[in-house]
Amino acid sequence: MTDKDFVPSSYTTDITEGKVTYKSPSNIALIKYWGKKEHQIPANPSISFTLDTCATTTTLSYKKLKNKASDFSFDLLFEGSPKEDFKPKISTFFKRTELYLPFLKAYHFTIETSNSFPHSSGIASSASGMSALALCLMELERELNPHMDTYFFKRKASFLARLGSGSACRSIEGDIMQWGLHKDTLKSSDLYAIRYPYKVHPIFKNYQDTILLVDKGSKQVSSSLGHNLMHDHPFAEQRFDQAHKNLTKLKRVFEEGNLSEFIKIVESEALTLHAMMMTSMPYFILMKPNTLEIINKIWAFRASSKTHVCFTLDAGANVHVLYPENEKEEVYQFISNELVAYCENGQYICDQIGNGAKKL
Ligand code: DP6
């Protein structure tokens with residue numbers, strides 16, 4: 001498929017008003033997307049676990065205008081109150097997607113959105129938020145074109161979500177999603193994410209992710225700025241190449257359920273992501289002292305307990321603690337006894353692999 005396949009030729013019905021709600025989850029990357037080209041094309045392929053609990057619920061109400069407006073017309077409510085500072089991101093999203101959703105200026109939209117996690121938790125809501133909005137808009141498009149099939153619906157929802165925020169394209173479905181062209185993954189694409197198409201060992205079923213909220217403060221560096229710093233980065237090419245190789249290695253790991261190898265790839269990816277930030281110009285450090293304390297505790301516990309607990313990080317100080325469901329009790333005890341003390345106000349979120357977005 002090319003981006004031209006997502007430009008509709010015409011619509012068969014006329015819809016004057018309506019309302020739709022989607023709940024869409026966040027996701028946690030195992031192989032990280034860090035660096036992009038023009039039009040939200042990733043510099044390397046990435047793969048993630050779709051989460052279950054961390055999600056955004058968005059209701060889109062739409063009302064056809066008498067005449068097509070010259071600009072996008074919408075109101076935005078976040079947790080029940082108008083939120084002006086979220087509007088520029090939505091306007092940018094509408095601008096980027098207008099070619100593919102030519103009805104955008106023909107309606108007035110009210111977007112009501114809320115998160116299952118606290119806004120100030122340091123958990124990015126762009127993946128869940130942009131995927132929820134993309135799905136609501138696709139639902140309206142499906143009303144305008146009722147013959148649309150589910151395959152196309154999901155592909156285009158992921159394609160649109162990507163234009164809002166890269167990682168959002170991996171939140172449409174579950175349980176493992178891959179985005180970005182990769183020679184060893186059939187049907188992989190830079191334009192949208194696909195469900196991981198190969199065999200996955202049952203050990204990964206219901207894989208647990210406990211998110212330790214180490215620092216709830218606002219991010220020092222936005223992801224967009226971080227991605228840009230990969231342009232003149234001295235290690236960029238090696239990094240992109242490494243992501244491709246790790247994805248190839250992961251295929252066998254997923255198939256065989258080899259958790260020791262899984263841990264090596266996942267932790268190395270997390271540290272590489274942060275190494276890229278530390279070696280860009282300007283350079284920055286998003287880990288906090290408590291992030292490192294937690295990592296060291298995880299390593300010590302893994303060695304002494306023979307469990308398969310490991311960590312990953314996103315572009316911040318919080319730690320995602322990953323472990324198989326059959327080690328849940330033992331690892332959870334360890335988290336509450338030894339790790340919660342390093343969380344801001346003792347806060348953490350228990351999550352696990354989920355099945356993707358749902359229409360409510
Ligand atoms: C570190 O998807 O937030 O979480 O495309 O600029 O919106 P934009 O970036 P974003 O970047 C996420 C980066 C990451 C790694 C990942 O999720 O793969």
Side-chain angles (χ1 to χ4, degrees), residues 24-51 54 56 86 88-93 95-97 115 117 121-134 158-172 176-180 182 188 190-193 196 209 211 218-231 233 239-240 242-244 246-247 250 265-278 280 284-287 291 311-320 322 351:
S24 191
S26 183
N27 67 71
I28 179 67
L30 306 171
I31 292 184
K32 308 289 181 182
Y33 148 56
W34 197 244
K36 60 178 157 181
K37 305 174 200 165
E38 234 197 322
H39 306 301
Q40 298 279 103
I41 296 299
N44 64 259
S46 58
I47 194 164
S48 52
F49 282 157
T50 303
L51 295 181
C54 288
T56 297
F86 281 10
K89 212 165 177 198
I90 307 286
S91 290
T92 304
F93 174 63
K95 269 186 216 125
R96 287 181 189 165
T97 53
N115 295 332
F117 46 88
S121 59
I123 297 187
S125 59
S126 61
S128 51
M130 285 298 170
S131 53
L133 182 57
S158 177
F159 171 87
L160 296 173
R162 181 195 106 241
L163 294 172
S165 176
S167 56
C169 75
R170 299 187 311 237
S171 277
I172 305 293
I176 303 176
M177 296 294 284
Q178 187 174 322
W179 168 41
H182 177 239
S188 58
D190 281 345
L191 298 179
Y192 46 77
Y196 179 69
D209 180 4
I211 309 164
S218 65
K219 275 195 210 169
Q220 205 182 316
V221 183
S222 74
S223 310
S224 308
L225 203 130
H227 287 293
N228 275 338
L229 293 177
M230 287 306 284
H231 284 309
H233 198 291
R239 160 59 197 151
F240 301 146
Q242 177 199 38
H244 281 269
N246 278 344
L247 206 48
L250 203 56
I265 295 170
V266 169
E267 291 190 345
S268 156
E269 277 286 322
L271 295 178
T272 302
L273 168 71
H274 283 255
M276 290 300 112
M277 302 177 198
M278 288 190 238
S280 60
F284 50 98
I285 301 180
L286 294 186
M287 287 190 265
T291 312
F311 72 87
T312 188
L313 309 165
D314 51 24
N318 295 336
V319 182
H320 289 250
L322 302 176
D351 211 335

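Just so you know, these numbers come straight off a predicted model, no measurement behind them. Just so you know, residue 1 is the first one in the sequence shown, and it goes up from there. Every number for a ligand or one of its atoms is a count from 1 in the order of the listing.
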Lys36, Met130, Arg162, His227: member with heavy atom nearest to atom 11 (O) of ligand 1: His227
From the candidates Arg170, Met276, His274, Met277, the one that places a heavy atom nearest atom 16 (C) of ligand 1: Arg170
Close side-chain approach of Leu191 to Arg162, heavy-atom, < 4.5 Å: yes
Atom indices of ligand 1, in the order listed, that fall short of 4.0 Å to a heavy atom of Ser165: 2 (O), 3 (O), 5 (O), 7 (O), 8 (P), 10 (P)
N or O contact, Tyr33 vs ligand 1, cut-off under 3.5 Å: yes
Ser223 N/O under 3.5 Å from ligand 1 N/O: yes
Side-chain donor-acceptor contact under 3.5 Å, Thr50 with Arg170: no
More than 12 heavy atoms from other groups under 6.0 Å of NE2 on His231: yes
Any side-chain donor near an acceptor of the partner, Lys89 and Ser165, under 3.5 Å: no
Ring geometry between His227 and Trp34 (parallel below 30°, tilted from 30 to 60°, perpendicular above 60°): tilted
Cation-pi, Phe93 ring and Arg96 (6.0 angstrom, 45 degrees): no
Under-4.0 Å heavy-atom contact with ligand 1, by part of Ser167 that carries it: both
Contact atoms of ligand 1, heavy-atom distance to Gly166 under 4.0 Å: 2 (O), 5 (O), 7 (O), 8 (P)
Atoms in ligand 1 flagged as close to Ala29, the criterion being non-hydrogen separation under 4.0 Å: 16 (C), 17 (O), 18 (O)
